[in-house]
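So that the names make sense, note that chain A is the first sequence line, chain B the second, and so on, each numbered from 1. Keep in mind it's a predicted model, so treat the numbers as computed, not measured.
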There are 2 protein chains.
Amino acid sequence: MPDPLSMTLSALADPTRRAILARLVQGEATVGELAAPFSISQPAISKHLKVLERAGLISRGREAQWRPCRLEAAPLQDLAGWLENYRRFWEESFDRLDAYLKDLQKGDPDASSS
Amino acid sequence: MPDPLSMTLSALADPTRRAILARLVQGEATVGELAAPFSISQPAISKHLKVLERAGLISRGREAQWRPCRLEAAPLQDLAGWLENYRRFWEESFDRLDAYLKDLQKGDPDASSS
DNA sequence: CAGTTATATAACTTATTAGTTAAGTATACG
DNA sequence: CGTATACTTAACTAATAAGTTATATAACTG
């Protein structure tokens, strides 16, 4: 699976990993700090971090026996860029829904048949 | 995996499925039309469509023997909403990078040490 | 150097996923 | 009714993923 967007999305498709990112948006943290809130084993957290790192979502330093993790912006930005392709679509969808609801409210008989 | 955001992200974490969505943003299409550009079997496309449907990313109608698919906006909007939590972070990251590059350009000796 | 703390890796299990081919269902058409 | 078309479902395989426990590495501490 070489394409970066697929890597980003599958890394994000796990609630534990998203929770880790949510913690890191507030600043660097060690592996232990990141593991603390979860009930799963520490090796499991290490694996999650490796997935995030391979996706470029985090990077890791070295300070004595700690490996501080920090969030990296680029993949999230790229994802936001990809999503932008769909913004026009969903804004149109919203406009249609909005018009439909307004029609309903003023009793337009077309609104319930189409 | 009951949480909707995880369903959305893992549905999107496949290039074939993203290509299907990219086609659907231009309007409804039948299963056959969606399958045409790909070299994989048609049942494989049916499975991808089922994944997209269970994630709420598409919905399907019935017209004679065709099952027209259309893109649904809500999950993409929800994803965009989730991503917004990180926008402030990446804009700060960009500001830092920007300042760093400006410092480099004017020969600030701090810029290469920190 | 011995022990402790922080983290990573190995080996394994179980579940899920993406693909396949073959068979089934549903609608249209002569 | 029989057949062609569009699509789905079933049954299977191979690869990947998420978790486990046990072991290894690396750096600090006395």
Side-chain angles (χ1 to χ4, degrees), chain A residues 1-24 27-71 75, chain B residues 1-24 27-71 75:
Chain A
M1 197 206 327
D3 85 281
L5 194 49
S6 295
M7 299 260 297
T8 302
L9 286 161
S10 75
L12 294 175
D14 180 291
T16 302
R17 290 195 289 260
R18 288 198 307 279
I20 288 172
L21 295 188
R23 163 65 186 76
L24 288 176
E28 287 196 3
T30 67
V31 177
E33 288 165 349
L34 292 172
F38 301 101
S39 54
I40 62 181
S41 69
Q42 179 268 321
I45 297 290
S46 269
K47 282 174 127 190
H48 281 306
L49 292 174
K50 180 167 278 185
V51 172
L52 290 169
E53 187 178 26
R54 297 199 56 225
L57 283 159
I58 66 170
S59 61
R60 297 201 254 185
R62 274 191 183 222
E63 281 179 37
Q65 66 256 229
W66 294 275
R67 308 285 141 87
C69 301
R70 68 165 180 280
L71 189 54
Chain B
M1 197 208 323
D3 86 279
L5 194 49
S6 296
M7 298 260 296
T8 302
L9 287 161
S10 73
L12 295 175
D14 181 290
T16 301
R17 289 193 291 259
R18 288 197 307 279
I20 289 172
L21 296 188
R23 164 64 187 77
L24 288 177
E28 287 196 3
T30 66
V31 177
E33 287 166 350
L34 292 172
F38 301 102
S39 54
I40 62 181
S41 68
Q42 182 268 325
I45 297 290
S46 268
K47 281 172 128 189
H48 281 306
L49 292 175
K50 182 169 276 184
V51 172
L52 291 169
E53 187 177 28
R54 295 198 60 225
L57 284 158
I58 66 171
S59 59
R60 296 203 255 185
R62 269 186 188 227
E63 281 179 36
Q65 64 255 228
W66 295 276
R67 308 284 139 87
C69 301
R70 67 165 180 279
L71 188 55

*Gap between atom NZ of Lys47(A) and atom CG of Leu52(A) - 0.5 Å precision*: 14.0 Å
*Ignoring backbone atoms, establish whether Ser46(B) has a side-chain N or O less than 4.0 Å from OP1 or OP2 of dT8(D).*
yes
*In whole angstrom, give the distance that lies between atom CE of Met7(A) and atom P of dT16(D).*
13 Å
_5' precedence on DNA chain D between Gln65(A) and Gln42(A) (nearest-nucleotide basis)_ = Gln42(A)
*Closest listed nucleotide, where the reference is the side chain of Arg67(B) and the choices are dC7(D), dA10(C), dT7(C)*: dC7(D)
*Please state whether the phosphate of dT7(C), meaning OP1 or OP2, lies under 4.0 angstrom from any side-chain nitrogen or oxygen of Arg60(A).*
no
*Shortest side-chain distance from Ser41(A), nucleotide among dT20(D), dT9(C), dA6(D)*: dT20(D)
*Using a heavy-atom cut-off of under 4.0 Å over every strand shown, decide if Ser10(A) touches base, sugar-phosphate, or nothing.*
nothing
*Within the structure, does a side-chain N or O atom of His48(B) lie under 4.0 Å from either OP1 or OP2 of dT17(C)?*
no
_Main chain of Ala11(B), side chain of Arg17(B): is a donor-acceptor contact present, judged purely on distance under 3.5 Å?_
yes
*asked:* Can you tell me which nucleotide in dT9(D), dG19(D), dT9(C) comes closest to the side chain of Ile40(A)?
replied: dG19(D)
*Does OP1 or OP2 of dC7(D) have a side-chain N or O of Lys50(B) closer than 4.0 Å?*
no
*Measure from the side-chain heavy atoms of Ala64(B) and tell me the nearest of dG19(D), dT27(C), dA8(C).*
dT27(C)
*asked:* What contact category does Lys47(B) fall into here, base, sugar-phosphate, or nothing, at under 4.0 angstrom with non-hydrogen atoms?
replied: base
_Evaluate Glu63(A) against Thr30(A) for side chain to side chain contact (heavy atoms under 4.5 Å, CB included), listing each step before the verdict._
CA-CA 10 Å; Glu63(A) 281 179 37; Thr30(A) 67; over 6 Å; no
_Counting only side-chain heavy atoms from C-beta out, which of dC7(D), dT9(C), dA18(D) sits nearest to Asp14(A)?_
dA18(D)
*Are OP1 or OP2 of dA18(C) and a side-chain N or O of Arg17(B) less than 4.0 angstrom apart?*
yes
_Counting C-beta onward and ignoring hydrogens, is there a side-chain heavy-atom pair between Trp66(B) and Val31(B) closer than 4.5 Å?_
no
*Checking side chain to side chain contact (heavy atoms under 4.5 Å, CB included) for the pair Leu57(B)/Leu12(B): CA distance, chi angles, key distance, verdict?*
CA-CA 9 Å; Leu57(B) 284 158; Leu12(B) 295 175; 3.9 Å; yes
_Residue whose closest nucleotide on DNA chain D lies nearer the 5' end, Glu63(A) versus Thr16(A)_ = Thr16(A)
*Tell me which nucleotide among dG19(C), dT9(D), dT7(C) gets nearest to the side chain of Trp66(A).*
dT7(C)
